[in-house]
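Notes to accompany the following structure.
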Amino acid sequence: MTQTVSRREFLKLGAATGAALAVGQFIPPRVSHAARAAGYLNADGDGYVPSMCEMCVWRCGLIAKVKDGRVVKLDGNPDHPHSRGKLCPRGQSGLMNTYDPDRVLTPLIRAGQRGEGLFRKASWDEALDIVAQNMLKIKEKYGAEAMVFSSTHNLSQVQFENLLYAFGSPNYGTQRSLCFNAMIVANLMTYGMEEPARIYDDDLQYILLTGRNLFEAISTSETSDLSHAIDRGAKVVYLDPRYTKTASKASEWLPIKPGNDLAFHLALLHIIIGETLYDQDFVAKNTTGFDALKNEVARYTPEWAAPLTGIPAETIIRIAHEFAAAAPHALAHNGWRTSNFVNSFHTQRAISILNALVGNWGVVLTGAAGEESSGVLGVPPQPAYPRVSAARLDGVPWKYPVVPLKLGVFQELRDNIVSGDPYQAHGWFISRQNPIMSLPDRTKTLEAFGKMDFIATVDIVLNDTAWFSDVVLPEASYLERYDPLLPVGDKAFIRQPVIEPQGEAKSALWIYKQLGERLGLGDYFQYADEEDYIRQQLAPLGLTLEAVKTKGYADAPETPHPEEASEPEWTTPSGKIELYSDTLARMGFSGVPTWEEPPQPAEGQFYLLTGKVATGTQFGTQNNQLLHKYSDEPQLWMNTQTADALGLETDDWVEVTSEVGQLHTRLLATQAIRPDCVYMTPGYGHLSKGLKTAFGIGASDSAVHVTHTDPISGGQALSQTFVTVKKA
Ligand SMILES: Nc1nc2c(c(=O)[nH]1)N[C@H]1C(S)=C(S)[C@@H](COP(=O)(O)OP(=O)(O)OC[C@H]3O[C@@H](n4cnc5c(=O)[nH]c(N)nc54)[C@H](O)[C@@H]3O)O[C@H]1N2
Ligand SMILES: Nc1nc2c(c(=O)[nH]1)N[C@H]1C(S)=C(S)[C@@H](COP(=O)(O)OP(=O)(O)OC[C@H]3O[C@@H](n4cnc5c(=O)[nH]c(N)nc54)[C@H](O)[C@@H]3O)O[C@H]1N2
Ligand code: SF4
Ligand SMILES: [Mo]
């Protein structure tokens, strides 16, 4: 296994950061006016500036060391609950996100065919005028709904949403259905909350991780919580068809058959209910629908689950006993990217219910995905949004009745752009997202692009999506800009410019306001500039921007969460934890978690697995020269025995084929994967030649991923792509 850096290499990475400084002498200094005014930087432009990482959505607090107007080192901010003084390797390499030689530093306008990569530089005025004119033309000709907007979670997203809702389009694509819809919808249907406050404290004794690869798919604070729990002697049971870094640190690795996690969890429920191992008091007081659940799980014996999962019945029984004995300090982790199979919603419901049965409730969930609170921050004034009567192209709610509007079903939106059903979309405005790679079936996404009269993208480099766009608007990097304050717990953290933006790059707050004004929507952007925006956020707290900039955060007493009340108030229709959900039943779905057989590969086919590595984030960091230096060229993992049987060896070129596409890559024969699976690292095989470091490396799994959608949560089913592999 060569996919991630070892601990020794982590340290070497720190040394390499120093090496970048030597290269950095050729980078022109951009002393931040704001940081100098705030007194962080001396007259030479040297000093330390607190801000926030954006190498992934966890957004750790950082402290940037600045020398001669250049960023030379990034460290974790000890006051930030997401970093606690540490940054992961991606966070430490963040300065090459700013100093990437391929940064786009002026607006670009396409000068050749789409995808040809010919652009000309333009002024902001010209580029913004063209974007606004095209958007208005589309609105006039086809209605506002013909403009699609998409963006992945980021701090300026609130103003992106302002733009789209003020424009009047219902069509909004986010990463959520590609990521965690199954988990969020399951928690909403069970607890009425997206992420219930479960016990996740120093007494946690037993952790069941279902495909949550915390030592590679890193969220700094949650990853270190898991290390500490292991140090304390907590038992970790890890289910994954692959032997990942997390598997290597777990007490027990169960190489489960993909898609059958549901059978495993249903069998745990069977034992825990059948042998009355659950917390009877907690269940009686807080839940509804116990009898319906009991009736349903009566048939899911461990003997039934064993052949489905590949896990012996005795093991399932033992784990049920151990889990219940550790209660309430036993956690069945929902996972984060839970988009694996069309039955993932029921898997997630079963996991959520397992926690309820053992009374795991109410302490603190330090590891929650974001744990962001709305706090008591102010917002600029604005008028109400126009009423939108057009149906959403993503089928919410008309096809996906229990999927919340803000989650959406992005892959369905893309499919309906291609089909033109129920109407044809004509324009797409994208920010901080790479849908050409992050959506399954890249050919189909390109087909959707082909249906567009106009595409504009806001990015920092020419990513694959920008490469196929008509106008590219360069955002300032996260070390060069302000974003709205981020409330986390009882503090609100600031992102502030550590250096001035290079070239003509601008913050998203500036870009959306300029565009909004050109669209006649200026009333939705009532802030003079970025600092004024943040001052309006701080106004209710009576704090000055200067005070926040110095510490890196403001104390912002949060609105109490309902789950923190001493007597929990469940926000479900029944006011209880719903083991049986009437809402689901009324929509024609099973009210209790129920077995749904997942599709299986035919003879000669393999499950194609995907999953994160520690040295990359999604589809946006492969061009980072520091991370690149410590990433091996990705190879297709295949079990050694399977490879032998097929006459394949490590480093052989292989052809991987699914029903929608084909790719070529090198093979890695390894014991670290089930014989019926193969695995690829996502984020490689870029189409954009504007990414000079990343272009030409590896292949894109999105080129072969087949689009399947869980009918309840709307999550895509990424492990449900079956491929054949042969020597190329
Ligand atoms: N370094 C790094 N860290 C990240 C990110 C990143 O890109 N890079 N991204 C962040 C984001 S947005 C997210 S959502 C999280 C995702 O973090 P995780 O939830 O851990 O998700 P993945 O790494 O995508 O996949 C985890 C594992 O699921 C396994 N798997 C596939 N199919 C199945 C199945 O049917 N059953 C079981 N039990 N396992 C299966 C895969 O082999 C893989 O090892 O990571 C976050 N942290
Ligand atoms: N095959 C496969 N597909 C997957 C996954 C997988 O593991 N495998 N994971 C899924 C998951 S969990 C998720 S969350 C999604 C994520 O996929 P996306 O939602 O597409 O998000 P990213 O890949 O993080 O988007 C990265 C883009 O943001 C740009 N960017 C970086 N910094 C900035 C900035 O400061 N400003 C602007 N404007 N742009 C910036 C990058 O250059 C890049 O183009 O993918 C999903 N799809
Ligand atoms: S987990 Fe790593 S990449 Fe993500 S915000 Fe924290 S330091 Fe940055
Ligand atoms: Mo994600």
Side-chain angles (χ1 to χ4, degrees), residues 103-151 156-157 159-169 171-172 380 382-383 385-386 425-433 449 451-463 465-476 480-482 501-530 532-533 690:
R103 281 279 302 279
V104 177
L105 296 175
T106 65
L108 298 177
I109 293 172
R110 180 165 63 80
Q113 295 299 308
R114 272 206 196 130
E116 210 180 359
L118 284 177
F119 292 94
R120 68 176 172 85
K121 292 181 179 174
S123 68
W124 273 104
D125 272 339
E126 185 192 3
L128 288 163
D129 284 348
I130 290 181
V131 177
Q133 280 158 14
N134 276 283
M135 287 172 73
L136 289 172
K137 201 158 81 190
I138 288 167
K139 187 176 190 172
E140 201 180 303
K141 241 172 133 175
Y142 309 105
E145 64 273 19
M147 266 307 297
V148 172
F149 292 76
S150 70
S151 178
S156 299
Q157 204 166 3
Q159 289 304 317
F160 181 88
E161 289 173 1
N162 241 359
L163 191 70
L164 89 97
Y165 294 131
F167 188 78
S169 175
N171 291 316
Y172 182 25
Q382 63 177 61
Y385 296 125
H426 291 269
W428 200 336
F429 184 78
I430 303 157
S431 182
R432 211 220 156 279
Q433 192 178 60
F449 269 41
K451 299 271 178 180
M452 294 292 141
D453 303 348
F454 182 72
I455 306 166
T457 295
V458 183
D459 209 289
I460 59 166
V461 288
L462 270 181
N463 77 352
T465 297
W467 186 254
F468 286 88
S469 300
D470 303 316
V471 174
V472 183
L473 304 174
E475 188 171 2
E480 300 170 339
R481 66 171 191 251
Y482 283 109
Q502 299 170 83
E504 300 294 317
K506 299 282 187 194
S507 74
L509 280 178
W510 184 89
I511 297 170
Y512 302 152
K513 178 179 163 68
Q514 296 298 318
L515 188 56
E517 285 172 358
R518 282 169 170 79
L519 293 167
L521 305 171
D523 282 356
Y524 295 88
F525 297 89
Q526 295 187 40
Y527 49 93
D529 55 21
E530 297 91 336
D532 179 46
Y533 187 98

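Of the listed residues (Phe454, Phe449, Phe468, Tyr172), just one forms a ring-ring contact (aromatic ring centres under 6.0 Å, His included) with Trp428, and that residue is Phe449.
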Check the pair Tyr512, Phe525 against ring-ring contact (aromatic ring centres under 6.0 Å, His included), reporting the backbone distance first and the verdict last.
CA-CA 8 Å; Tyr512 302 152; Phe525 297 89; 7.5 Å; no
Determine, stepwise, if the pair Asp459 / Val104 fulfils side-chain contact (heavy atoms from CB on, under 4.5 Å).
CA-CA 8 Å; Asp459 209 289; Val104 177; over 6 Å; no
For a side-chain contact (heavy atoms from CB on, under 4.5 Å) check, start with the C-alpha distance between Ile109 and Phe119, then their side-chain angles and the critical distance, and finish with the verdict.
CA-CA 5 Å; Ile109 293 172; Phe119 292 94; 6.0 Å; no
CA sep, side-chain torsions, deciding dist, call: Glu126, Arg120, side-chain contact (heavy atoms from CB on, under 4.5 Å):
CA-CA 12 Å; Glu126 185 192 3; Arg120 68 176 172 85; 2.7 Å; yes
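Between the CZ atom of Phe429 and the CG atom of Leu163 there is a distance of 6.0 Å, given to the nearest 0.5 Å. Atom-to-atom distance recorded for Arg432:CZ and Ser150:OG is 12.0 Å, nearest 0.5 angstrom. Separating the CE atom in Met147 from the NZ atom in Lys137 is a distance of 12.5 Å, to the nearest 0.5 Å. Taking CD from Gln502 and CD1 from Ile460, the interatomic distance works out to 10.0 Å, rounded to the nearest 0.5 Å. With rounding to the nearest 0.5 angstrom, the CG atom of Leu473 is 11.0 Å from the CD1 atom of Ile430. To the nearest 0.5 angstrom, Leu128 atom CG is 6.5 Å from Gln514 atom CD.
No side-chain heavy atom of Leu105 sits less than 4.5 Å from a side-chain heavy atom of Pro474. The shortest side-chain heavy-atom distance between His426 and Val148 does not fall under the 4.5 Å cut-off. You'll find the side chain of Leu118 stays beyond 4.5 Å of the side chain of Arg110, heavy atoms only. Side-chain contact between Lys121 and Leu108 is present, with heavy atoms from C-beta onward closer than 4.5 Å.
For the salt bridge (charged side-chain N to carboxylate O under 4.0 Å, His left out) test, residues two or more places apart in sequence or in another chain that qualify with Glu475 are Arg481.
Contact between Asp125 and Arg518 at its shortest, heavy atoms only, is OD1-NH2, 2.7 Å. The minimum heavy-atom distance linking Arg103 with Ala505 is given by the pair NH2-CB, 3.8 Å. When all heavy atoms are compared, the tightest approach of Pro386 to Gly168 is CG-CA, 4.2 Å. Closest heavy-atom contact between Val472 and Ala466: CG2-O, 3.7 Å. For the pair Ser507 and Tyr482, the tightest heavy-atom approach, listed with the atom from each and the gap, is CB-O, 3.9 Å. Across all non-hydrogen atoms, the minimal contact from Glu504 to Thr106 is CG-CG2, 4.0 Å.
Looking at Tyr524 and Gln159, their side chains never bring a donor and an acceptor atom within 3.5 Å of each other. Side-chain contact, Tyr385 with Asn162: a donor N or O sits under 3.5 Å from an acceptor N or O. Between the side chains of Ser151 and Ser431, no donor-acceptor pair of N or O atoms lies under 3.5 Å. With hydrogens and angles left out, the side-chain atoms of Gln526 and Gln382 include no donor and acceptor closer than 3.5 Å.
Less than 6.0 angstrom separates the ring centroid of Phe149 from the ring centroid of Phe167.
In this structure, Lys513 fails the cation-pi test against Trp510, since its NZ or CZ atom is not both closer than 6.0 Å to the six-membered ring centre and inside 45 degrees of the ring normal.
Listed for the Trp467 side chain is no donor-acceptor partner under 3.5 Å among the backbone atoms of Leu462. Asp470 places no side-chain N or O within donor-acceptor distance of the main-chain N or O of Ala456, the cut-off being under 3.5 Å. Side-chain atoms of Ser469 never come within 3.5 Å of backbone atoms of Val471 as a donor-acceptor pair (strictly under, hydrogens ignored).
Summarising the local packing, NZ of Lys451 is surrounded by more than 12 heavy atoms from other residues, nucleotides or ligands at distances under 6.0 Å.
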